[in-house]
Each structure stands twice: as structure tokens, then as C-alpha cells.
J.: 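This is the structure I have questions about; it appears just below.
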There are 2 protein chains.
Amino acid sequence: MSGLLYDVIHRRRDVRGEFTGEPLADGVLEKVLTAAHAAPSVGLSQPWDFVVIRDRAVRADFHRHVHEEREVFASTLTGEAAEKFARIKIDGILESTLSIVVTYDPERGGPAVLGRHAIADAGLYSVCLAVQNLWLAATAEELGVGWVSFYREEFLRKLLGIPERIRPVAWLCLGPVSRLQDVPDLERHGWRERRPLAAALHQDRW
Amino acid sequence: MSGLLYDVIHRRRDVRGEFTGEPLADGVLEKVLTAAHAAPSVGLSQPWDFVVIRDRAVRADFHRHVHEEREVFASTLTGEAAEKFARIKIDGILESTLSIVVTYDPERGGPAVLGRHAIADAGLYSVCLAVQNLWLAATAEELGVGWVSFYREEFLRKLLGIPERIRPVAWLCLGPVSRLQDVPDLERHGWRERRPLAAALHQDRW
């Protein structure tokens, strides 16, 4: 049985160019969000929220901002890196079926969140665990997910009317795809290679 | 096939009291770490490392520190919360088979990490995605995982000889368990209840 989980974990991709825009089958979005919501969280604080965005005007505004930020990053590159980056697609905001913004509420479960007194970021970590559950569930449902991170949090907060205390953590494009690539986009385009696991392993001490 | 993933996602628990200390079957630790290492990461930076800790002296030192931090948190509680917390076990450091510390290297893949120029924490988020892959893989292998967060990062950095630029993100206890609880510990002990998904959902705007 564990083999099926590994298959999903290794097939999962960060999708940019393969979204078809087709509608989701009935009930699938709820299953994927229920999986996200079943993530572990520090002190059982469940500090996440999910904003499901279908509105094309909202997505178009975000897309415009993302492409301004693309230029900000591009302007820091020269030579080969600039050439490689020019070929890399960074989002599928307009082509995907919908987007999901995942947020963090530091006051949820407070003031005394069990397990967070020494590590303020522990609540933020919980939100990311929910994102990965969502991503794997979507992959198992034959959907693609693409995490877009070329944006300023303040822009996104204003765009969606997110309260000041809430932090947007992820903009995820979601939907049916023509295929999942075998090799991650950034590796295929020669931006970076995958690192062998052995290079990341330490025994007993660093 | 997706049903098996959901089963793992919903069976997964944050384990404290059910570790047996039995050895892992051959090859299982590598499968679980390979799953973690297959997580998505901003700019394909793969900014994580894994320190596998079997040394009992290291674990005993950490356990002592965690219980000092338990007292720090307990001293902030009064009344019913203090009584509930007194009954809650916060770690299985000594009873579990081994521990894995997961860290974050902000310089990995730098200086220009694709997708991180506007969101400095995006690399930290990647590390958490690896943790959730590890957690689900361990659950599928019938192992328990318990994330311990009652510690100061500086203490852990010194204990393991972690370089200054590297940030410890998680201490995970891992190993065979007598069972996984049906209900999360903190809910069973009346610390907090699970929130309905509907309360976390927003459409198009917050």
C-alpha cells in the first residue's frame, strides 16, 4: 500500500504550462481541501484559511502583479542565468481552473498556543504542512498544482481584503492538466539540478 | 487509488506516547527520507538537510532541555488550562527509535533563488513541505512521527554543531508504535477541538 503513496509523492510536480482550464469533477475540490485541513498543526491551532478564487478579474489583477515582480527578479540576473530565466514560465494563473490562497492566522488558538512559546514560526510551519497535503491529494486526483511566489504579500492582502493580522502564505493554481512532467521544469530548463539525498544526510551531529 | 492517500492523510497522528522503541525494518528509513527529499522547493533550492540521531546521550540532553521549556510554558498557564496541560505528554524523545532534525539553509541555490526575491520565508516553507512528505511516508510504513517544538533553536544548534547560517526547523521523533490514536491527543485531552472545514473557507475574497 505504501507504494501508492510514494508514487504520488514522486509524480507530484509544480505545474506552470500544462493546465487545461477544464472544470473539476464534482466533490474533488472538497476532498482536496479536506486533506489540507487534516494536516498536523502546533497546539492543534489549525491556523490556516483557504480562499478559493474563480473570479477572473481577481486572477487577472494578480497575474499582472506577478509579471511586474518577474521583471524585478529578471533585472537582478545577467548572462546565462538571464537567458535561462527568459525561457521559464513562472505561473499558470490564467490557464488553470481556479486558485487557492492559503493564509496563516497567528492568533488562532491563542494566546497560549501549546508548542509555540519558544518558536514563533511554528504556526507558519503548520500552514505549509496543509499545503503539502493539498498538493498530494490534488496529484492523486490527477490535478496539477503550481505554487506562485512572485508577489508581495501586501499586494495580495489588499487584493483579497485579507485582514492585517492574517499572513498570506501561498497562491496555488489548481486544475486538470494535459500531463505532469517527468522532470521538474527548472531542471529541464537547466536552471538547477536535483541534489543527491546522500548530500543532505548527517548522522548524530551536523 | 486516491483513497489510499486519503487514508494515510487522515490516519496520520502527532505521536507522543505510543512509541515502542523497536528497530526499523531494513530500508524503511531511506524510503521515508527519499520521500522527504522529493518535496517541492522554491527555485528547486532543496534547502533542507536531515540529521538522523540515534545517539542516546544527544537525545537525553535534548530531552532535558525540552522539559525545562515545558516548565517555561506551564508557568504561563493557570486554572483549567494548567490542569489540562499537566496531563499532556509533549514528546517521545527517549522512547522512540530515533529522531530526525530537519534544517534550512538559506544560502542553498543562491544568491538568486528563483521565486524567493519577494518572499524571504519561501525557503523555510519548502522545508516544511519536506517534513509533511516524511510524515506521510512514515505513516504509510506503519511508523509514528512526533514533532517536538518545546525548544530554543540556539540550544539545538549548539547541541548538534549546526553552523550559524543553518536554521533548525523540526525535531521529529520516529519509530514503530503500538498504535496510532483515532483522535489527536490534544483533542482527547480537551485542550482544543478540531475546527470544521467550512469555517476556514472563503470564496473569491476573504
Side-chain angles (χ1 to χ4, degrees), chain A residues 1-2 4-6 8-10 14 33-35 37-38 40 42 44 46 48-55 58 69 72-73 76-77 109 112 114-115 117-119 122 125 128-129 132-133 136-137 140-141 149-152 160-162 184 186-187 191-192 195 197 200-206, chain B residues 1-2 4-6 8-10 14 33-35 37-38 40 42 44 46 48-55 58 69 72-73 76-77 109 112 114-115 117-119 122 125 128-129 132-133 136-137 140-141 149-152 160-162 184 186-187 191-192 195 197 200-206:
Chain A
M1 167 183 152
S2 62
L4 293 164
L5 173 70
Y6 291 120
V8 171
I9 283 176
H10 294 288
D14 198 343
L33 290 169
T34 300
H37 193 58
V42 63
L44 202 59
Q46 303 162 278
W48 47 71
D49 279 84
F50 308 100
V51 187
V52 178
I53 304 167
R54 290 186 171 86
D55 188 323
V58 173
E69 287 298 330
V72 171
F73 181 69
T76 68
L77 304 175
L114 193 160
H117 79 280
I119 301 172
Y125 299 166
C128 299
L129 305 183
Q132 187 63 0
N133 269 10
L136 295 175
E141 298 288 352
S149 59
F150 281 78
Y151 67 87
R152 304 286 162 176
L160 301 184
I162 295 173
L186 297 187
E187 188 176 3
W191 180 263
R192 266 184 77 74
R195 188 178 186 225
L197 171 61
L201 275 187
H202 311 252
Q203 301 298 331
D204 283 322
R205 285 174 188 76
W206 183 270
Chain B
M1 168 181 151
S2 61
L4 293 163
L5 173 70
Y6 292 119
V8 171
I9 282 176
H10 294 288
D14 198 343
L33 290 168
T34 300
H37 193 58
V42 63
L44 202 60
Q46 303 163 277
W48 47 72
D49 279 84
F50 307 100
V51 187
V52 178
I53 304 167
R54 291 187 170 85
D55 188 323
V58 173
E69 287 297 330
V72 171
F73 180 68
T76 67
L77 304 175
L114 192 159
H117 79 280
I119 301 172
Y125 298 166
C128 299
L129 304 183
Q132 186 64 0
N133 269 9
L136 295 175
E141 298 288 353
S149 58
F150 281 79
Y151 67 87
R152 303 285 162 176
L160 300 184
I162 295 172
L186 296 187
E187 189 176 4
W191 180 264
R192 265 184 78 74
R195 189 178 186 226
L197 171 61
L201 276 187
H202 310 252
Q203 301 298 330
D204 283 322
R205 286 173 187 75
W206 183 269

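Letters A, B, ... are given to chains in the order of the sequence lines, protein chains preceding strands, and every chain is numbered from 1.
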J.: Could you have a look at Ala200(A), Ala38(A), Ala35(A) and say which one has the most heavy-atom pairs with chain B under 4.5 angstrom?
T.: Ala200(A)
J.: Once rounded to the nearest 0.5 Å, what's the spacing between atom CG of Leu136(B) and atom CD of Gln132(A)?
T.: 8.0 Å
J.: Under 4.5 Å from any heavy atom of chain B, what part of Val51(A) do you find: side chain, backbone, both or neither?
T.: both
J.: What residue, out of Ala118(B), Gly161(B), Pro40(B), Gly115(B), has the most heavy-atom pairs lying under 4.5 Å from chain A?
T.: Pro40(B)
J.: Using modelled atom types only, decide if a donor and an acceptor are shared between the side chain of Gln46(A) and the backbone of Arg195(B) within a distance under 3.5 Å.
T.: yes
J.: Locate the shortest heavy-atom distance separating Ser2(A) from Glu141(B); write the atom from each residue and the value.
T.: OG-OE2, 3.6 Å
J.: How would you list, by chain and number, every residue that makes a side chain to side chain donor-acceptor pair (under 3.5 Å) with Arg152(A), sequence neighbours excluded?
T.: Glu69(A)
J.: To the nearest 0.5 Å, what is the distance between CG (Asp55(A)) and CG (Asp204(B))?
T.: 4.5 Å
J.: With a 4.5 Å cut-off on heavy-atom pairs, point out which of Ile53(B), Val58(B), Asp49(B) contacts chain A the most.
T.: Asp49(B)
J.: Which one, Phe150(B), Tyr151(B), Phe73(B), leads in non-hydrogen pairs under 4.5 Å with chain A?
T.: Phe73(B)
J.: Could you tell me which of Asp14(A), Leu201(A), Leu77(A), Leu129(A) has the largest number of non-hydrogen atom pairs under 4.5 Å with chain B?
T.: Leu129(A)
J.: Can you tell me how far CG of Leu114(B) sits from CH2 of Trp191(A), rounded to the nearest 0.5 angstrom?
T.: 5.0 Å
J.: Quick one: pull up CD1 in Ile162(B) and CZ in Arg205(A) and give me the separation to the nearest 0.5 Å.
T.: 11.5 Å
J.: Could you tell me which portion of Val52(B) (side chain, backbone, both or neither) has an atom closer than 4.5 angstrom to a non-hydrogen atom of chain A?
T.: both
J.: Could you tell me the separation between the OG1 atom of Thr34(A) and the CD1 atom of Ile9(B), rounded to the nearest 0.5 Å?
T.: 10.5 Å
J.: Of the non-hydrogen atoms in Arg192(A) and Gly109(B), which two are nearest, and what is the gap between them?
T.: NH1-CA, 3.1 Å
J.: With side chains defined as the heavy atoms from C-beta onward, is the minimum distance between His117(A) and Thr76(B) less than 4.5 Å?
T.: no
J.: Could you list the residues that satisfy side chain to side chain donor-acceptor pair (under 3.5 Å) with Glu187(B), not counting sequence neighbours?
T.: Arg194(B)
J.: Closest approach of Ser149(A) and Ile119(B), non-hydrogen atoms and distance?
T.: O-CD1, 3.7 Å
J.: Testing the basics here: between Tyr125(A) and Cys128(B), what is the closest heavy-atom pair and its distance to 0.1 Å?
T.: CD2-SG, 3.5 Å
J.: Quick one: pull up CG in Leu160(A) and CH2 in Trp206(B) and give me the separation to the nearest 0.5 Å.
T.: 10.0 Å
